[in-house]
Each structure stands twice: as C-alpha cells, then as structure tokens.
Number of protein chains: 2
Amino acid sequence: MTTRLAAPARARLVRGRSGERRPAYDPDSLLDVAVTVFNERGYDGTSMEQLARMAGISKSSIYHHVAGKEALLRVALDRALDALFAVCEEPGSTTGPAIDRLRYVIHRSIEVLDQELPYVTLLLRVRGNTPTELAALERRRAFDRFVAKLVARAAEDGDLRAELDPALATRLIFGMINSIAEWYHPGGELSVKELADGVVNLVLGESHQPG
Amino acid sequence: MTTRLAAPARARLVRGRSGERRPAYDPDSLLDVAVTVFNERGYDGTSMEQLARMAGISKSSIYHHVAGKEALLRVALDRALDALFAVCEEPGSTTGPAIDRLRYVIHRSIEVLDQELPYVTLLLRVRGNTPTELAALERRRAFDRFVAKLVARAAEDGDLRAELDPALATRLIFGMINSIAEWYHPGGELSVKELADGVVNLVLGESHQPG
DNA sequence: GTCTATAAATTGATAGAC
DNA sequence: GTCTATCAATTTATAGAC
C-alpha cells in the first residue's frame, strides 16, 4: 500500500475561503507529509527526493521550509513527546490511589496514540542513530520512569492482579500499548474507548474506566 | 551503546582445534555480524562500509560471501520465520483444547524470541520497502492468522478470561510478546520461563505452564 | 579469500534565477 | 516560495591483482 499524497495542485497556489490566494505549503503541512512517508518507508529509508515527490514540490523547496531532514524528524518527535508528557501533568495522573492513576495514564496514553498516531508511531521506531534520535530516546525513557513508579506503587498497595515484578509489568503493559501503533486506524470500527477499555481489561482485569 | 565486534584478527586466519589453519569467515558468522548491526542502526541506516568495518574485513570481501545487502536480510528474516513456523507444527500447537494450544504457542514463541533474538528482532522491524521485506511480511501475517484461529477457538470454548474480540486479543497479546525484543537480554537475570509465565499470567490469568 | 581501486548511481544540501 | 542546476559526499556493487 503506497500512500498517494499531495497532488501537484497542492503545492501550487490555493484559493482560501475568502477567495484570496495563499501559498499551499506551510511548515506544518510539510511535516504531515514527511511523517507519513517516514512511517511508510522508515526515516533512513526515505530520501529528500522521495519526500519532495510525495509533497508535490521540488527537493530544494523543502529547504526553504526546514533546515533539513533531521530537523523534520526532531519537530515530529517533539510533538509526540510533548503530548505524552502533558498526560503526566494532568490531575488524573497526579492525584488519587496509584492504581487509579495508572488506569488513567493507560487510557490517556492510548488517546494520545489515537490523536497523534503518526507522530507517536515515528517516535516508537527511533533507533538512536543521530543526536536528535538519542535525545528523543532519553525523553521517552523519562516517560517510562514516570509510569514505572505508578506500577510499583500500585503493586505496593496490592492493587495489581498479576504477581509480577513491577518493572517487568511496566514493560509488558506499555509494550502492548505501543504495539497498537502498528495496526490501529483512528476513526475505524474500533473506537478509542473500546480499545483502551480492552487493554485495561486485559492487563488490570477491569472492564471500565471510572468517569 | 555501540557494540564492538570482530577485531581485525577475526578476519584473518585462525587456528582450528587441531591446529590447522582455516578461513575466519563463513557466511554464517558474517550473517551474525550483519544482523547485529542491522538491529543497532536499522537495515536502511546501515551501509556496506559500516558492515565491513564491524566484520573486520573490506567491503568488497563481503560480496565474496553474499550477493549483496538485501541477500543478507533475506537469509536473516527466513531464519526467524522458519523458527516461528516450526512452532506451529509441534504437537503442543496442534493437539488438545485451544486454550492449551494457545498457551503452548505463547510459551514457545517467547522461547524462539530468546533463542533467535537478533533474527526475530530484525523481522519485527521490517517495513516492506523491498520485495524481500514484503515477502517476509506476508509470511509473518500467515503466522498471525494461525494464532488468531487459536484465540478465536479458545474464546468459543469460553476459556478466555477477558471478554475481548478474539482478533483484538490476538493483536494485543502478540504486540506484548513482540515488544519483548526491545529490551530482553538472553542469559540475563530474567529467565525465559519467568518471562513466558509472566506474560501468560498477565493476559490469560494463569501462573504456570503445565508440563 | 582478501585487498585496492573505481565505477555508477543516489544522497543531503546549496546557489542563484524567476 | 518555487524552480533548475549543481556539488561534495556517500552508497551499492564490480574489476582485477595477490
């Protein structure tokens, strides 16, 4: 399945809603294209030439919008990481019993996956080949540590069904959550709520999220 | 963590156990090196030059052993897929109640992950950029279908704890299993048995594998 | 079975016109 | 903001000596 992106028309002048002409490409729409192609072919497997073809502009035009290929990657990865860390700041993640916080973070993480799927998918595939990728991996590890603490506290409270080492449980649970990016399609038959409830049900033995 | 592989000595003549001289490189040991580097930097992110440096031989020497970069990938992916399909043929996967077969396949899949970790890891990261990769993805889907049938039958028998759609359960469970490749180290503190029991415990609600 | 040298194509990125 | 033309470096792969 090769996604066909912007027809050349998209790169040309477009009529705005009041009829004015405006440039078709801002950095954001270019980012959308780039992330889609990166996810399809892998970051290293994508050339600027391919990127340009999919965006419907020439290779050199891309450099008018962004500093280079790695800058595109950095912005994309930060978008995913910012969304994940925002969840950690929400009241549901910082107040109440650890097991409830954990359920909340699992639910919200899956919602972030739904809302920012291409960006999170890209993040999950980063290997650490460049400074940009290493920085992203370090931020991702910080998120993992936040969740691991919740799991450990829920285990101390005796609220985890499975008798599992908390660190192992964290890895397995978030391994499951992250794997969703490989097949989930937002807006499809399976709703985010069904999906999140299913995961919580499977790993924590509860059917519904309170609230 | 940049793995340091073969010292140059490895590429030179080596004394066999009876003192005879023999060439240091056969296709198999080259494959081991290649798969390690592919997993570290990604297949597309690895050049033949880097491969040669890690193997301790020159770039052109590699072409004496294999047809090219993609041939190395194909052999590696087949090794992982052959190991997974072998599990499907084992008696534990083909006889008895579906829930027992499922438990068996989960256990054995994790054992394959342990025994063939670099090869399975590489398989799990394939994106479909080349004919070789597409063929591997198709074989992988065939394995998924085999497991999905077991989950569906176990659900029909009423033997699945979670009230989940079988296809969804399959994806979540094997998403969890596959994610193990991202952090697991064979021969470390966590044994394969503990790991497999932990996964089965978490998703099927059982602590031990019979047998 | 290894090497050096090199081919042929592709890569990320820049210069400068419109 | 887009383009063509181009660069320097890198990439996969081959030729041919030892």
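Within every chain, numbering begins at 1; the chains are lettered A, B, ... in the order of the sequence lines, protein sequences first and strands thereafter.
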I want to check one thing: is the phosphate of D:dG1, taken as OP1 and OP2, less than 4.0 Å away from some side-chain N or O of A:His64?
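Yes.
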
Taking only the side-chain nitrogens and oxygens of A:His65, find out if one of them lies under 4.0 Å from OP1 or OP2 of D:dT2.
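Yes, within the criterion.
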
Mind checking side-chain hydrogen bond (donor to acceptor under 3.5 Å, both in side chains) for B:Glu90 and listing every partner two or more places apart, or none if nothing turns up?
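side-chain hydrogen bond (donor to acceptor under 3.5 Å, both in side chains) list for B:Glu90, sorted by chain: B:Tyr104, B:Arg108.
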
Kindly write out the residues that satisfy side-chain hydrogen bond (donor to acceptor under 3.5 Å, both in side chains) with B:Ser61, not counting sequence neighbours, or none if the list is empty.
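With sequence neighbours excluded, B:Ser61 shows a side-chain hydrogen bond (donor to acceptor under 3.5 Å, both in side chains) to B:Ser58, given in chain and number order.
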
Have a look at the helix from C:dG1-D:dC18 to C:dC18-D:dG1 and give the angle its two end axes make, five pairs each, rounded to 10 degrees.
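End-to-end axis angle for the helix from C:dG1-D:dC18 to C:dC18-D:dG1: 0°, rounded to 10°.
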
With sugar-phosphate taken as primed atoms, P, OP1 and OP2 and all else as base, the protein-contact string of nucleotides 4-18 of chain C at under 4.0 Å (heavy atoms; B, S, -) is B------SBBBB---

State, to 0.1 Å, how close A:Leu73 and A:Leu122 come at their nearest heavy-atom pair, and which atoms those are.
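Scanning both residues, the minimum pair turns out to be CD1-CD2, 3.7 Å.
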
Mind checking side-chain contact (heavy atoms from CB on, under 4.5 Å) for [X] and listing every partner two or more places apart, or none if nothing turns up?
X	result
A:Ala71	A:Ala67, A:Arg74
B:Arg171	A:Trp183
B:Ala148	B:Thr170
A:Asn129	A:Asp44, A:Arg127, A:Glu133, B:Arg41

Can you tell me which residue pairs pass the salt bridge (charged side-chain N to carboxylate O under 4.0 Å, His left out) test with a partner in residues 57-73 of chain B, sequence neighbours excluded?
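Output for this query is empty, none listed.
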
Would you jot down, in residue-number order, the residues of residues 127-136 of chain B having a non-hydrogen atom under 4.0 Å from DNA chain C?
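When residues 127-136 of chain B is checked for heavy atoms under 4.0 Å from DNA chain C, there are no hits whatsoever.
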
Tell me, please, which residues at least two apart from B:Arg139 pass salt bridge (charged side-chain N to carboxylate O under 4.0 Å, His left out).
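For B:Arg139, the residues satisfying salt bridge (charged side-chain N to carboxylate O under 4.0 Å, His left out) (neighbours in sequence not counted) are B:Asp78, B:Asp82.
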
Residues forming a ring pair (Phe, Tyr, Trp, His ring centres under 6.0 Å) with A:Phe38, sequence neighbours excluded
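With neighbours one apart ignored, the set is A:Tyr43.
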
